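These notes concern the structure reproduced below.
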Amino acid sequence: MAYKYDTQNIFAKILRGEIPCDKVLETEHSLAFNDISPQAPVHVLVIPKGPYVCFDHFASSASDQEIADFSRAISEVCRIKGVSADSGNGYRMISNAGPDGVQEVPHLHFHILGGRRIGRMIQPG
Ligand code: AMP
């Protein structure tokens with residue numbers, strides 16, 4: 001089954017400049033911005049600029065340049081926000097996919113959560 005990308009999803013609109021975002025970092029292939037409804041003192045979303053629904057779509061279809069850029073963007077966001085496990089206190093990185101993953105926005109994004117103890121990895125429900 002092919003991945004179906006919805007060009008009207010909210011992150012596609014942010015990438016097209018139709019909706020503003022609170023930008024943290026922009027690179028050639030990636031964009032990072034603060035989550036509109038933060039669940040922790042640091043809550044940044046990192047997205048690729050390409051039309052990928054979720055991580056397995058991205059990992060199987062994106063170019064090596066996009067994958068490298070995205071990985072480095074995540075690292076840079078951790079440094080900018082002071083949550084790197086090297087110099088800071090660490091973070092949790094989450095990427096939800098599909099209905100069982102409870103993904104709300106169907107454009108690949110990684111949540112970078114930090115600035116406090118994030119708690120158990122999986123909540124019931
Ligand atoms: P997920 O459930 O993994 O798809 O998460 C979607 C995330 O996008 C949620 O944490 C929302 O708070 C966040 N979100 C939705 N709309 C916006 C927006 N316009 N700007 C920033 N974050 C948003």
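Counting convention: from 1, in listed order, for ligands and their atoms alike. Worth knowing before you read on, the calculation uses all heavy atoms, side chains too, and leaves out hydrogens, waters and symmetry mates. Keep in mind the model is a prediction, meaning the values are calculated, not measured.
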* Report yes if some heavy atom in the side chain of K81 is under 4.5 Å from a heavy atom in the side chain of I112; otherwise report no. => no

* Is L113 reachable from Y91 through a run of I, L, V, M, F, W or Y residues, each pair having side-chain heavy atoms under 4.5 Å apart? -> no

* State, yes or no, whether a side-chain contact exists between L31 and K23 at a heavy-atom distance under 4.5 Å. => yes

* Structure fact -> If you scan protein heavy atoms around atom 8 (O) of ligand 1, the nearest is F11 CZ, 3.4 Å

* To do: Flag H111 as yes when one of its N or O atoms lies below 3.5 Å from any N or O atom of ligand 1, and as no otherwise.
  => yes

* Asked: With no hydrogens and no angle check, is any side-chain donor or acceptor of S61 less than 3.5 Å from a backbone partner on F58?
  -> no

* Ligand-side contact atoms (ligand 1) for residue partner V102, heavy atom cut-off under 4.0 Å -> 2 (O)

* **Distance filter under 4.0 Å to Q103 heavy atoms, resulting ligand 1 atoms** => 4 (O)

* Structure fact -> min-distance protein heavy atom vs atom 13 (C) of ligand 1 -> D35 OD2, 3.4 Å

* **For R79, all residues meeting salt bridge (charged side-chain N to carboxylate O under 4.0 Å, His left out), sequence neighbours excluded** => E76

* Show which atoms of ligand 1 fall inside a sub-4.0 Å distance from at least one heavy-atom site of S37. => 12 (O)

* Structure fact -> Near N96 (heavy-atom distance under 4.0 Å), the atoms of ligand 1 are 1 (P), 2 (O), 3 (O)

* Do H111 and D35 come within less than 4.5 Å of each other through their side chains, counting heavy atoms only? -> yes

* Asked: Considering only the protein, which heavy-atom contact is closest to atom 4 (O) of ligand 1, and what is its distance?
  -> E104 N, 2.7 Å

* **Contact partition for I36 relative to ligand 1, non-hydrogen atoms under 4.0 Å** => both

* Asked: Do any heavy atoms of D22 fall under 4.0 Å from ligand 1?
  -> no

* For L45, counting its heavy atoms only, list the atoms of ligand 1 lying under 4.0 Å from any of them. => 8 (O), 13 (C), 22 (N)

* Is a side-chain donor or acceptor of E104 paired with a backbone partner of N96 at a separation under 3.5 angstrom? -> no

* Any N/O pair I10/ligand 1 closer than 3.5 Å -> no

* Contact check, H109 vs ligand 1, heavy-atom distance below 4.0 Å -> yes

* Asked: Side-chain heavy atoms under 4.5 angstrom apart, residues restricted to Ile, Leu, Val, Met, Phe, Trp, Tyr: same cluster for I47 and V105?
  -> yes

* Structure fact -> Quick note on ligand 1: atoms under 4.0 Å from a heavy atom of N34 include exactly 21 (C)

Contacts table for residues 62-70: side-chain donor-acceptor under 3.5 angstrom, sequence neighbours left out:
residue: S63; atom: OG; partner: E66; partner atom: N; Å: 3.1
residue: S63; atom: OG; partner: E66; partner atom: OE1; Å: 3.2
residue: E66; atom: OE1; partner: Y52; partner atom: OH; Å: 2.9
residue: E66; atom: OE1; partner: S63; partner atom: N; Å: 2.8
residue: E66; atom: OE2; partner: Y52; partner atom: OH; Å: 3.1
residue: D69; atom: OD1; partner: T27; partner atom: OG1; Å: 2.5
residue: D69; atom: OD1; partner: S30; partner atom: N; Å: 3.4
residue: D69; atom: OD1; partner: S30; partner atom: OG; Å: 2.6
residue: D69; atom: OD2; partner: T27; partner atom: OG1; Å: 3.2
residue: D69; atom: OD2; partner: H29; partner atom: N; Å: 3.3

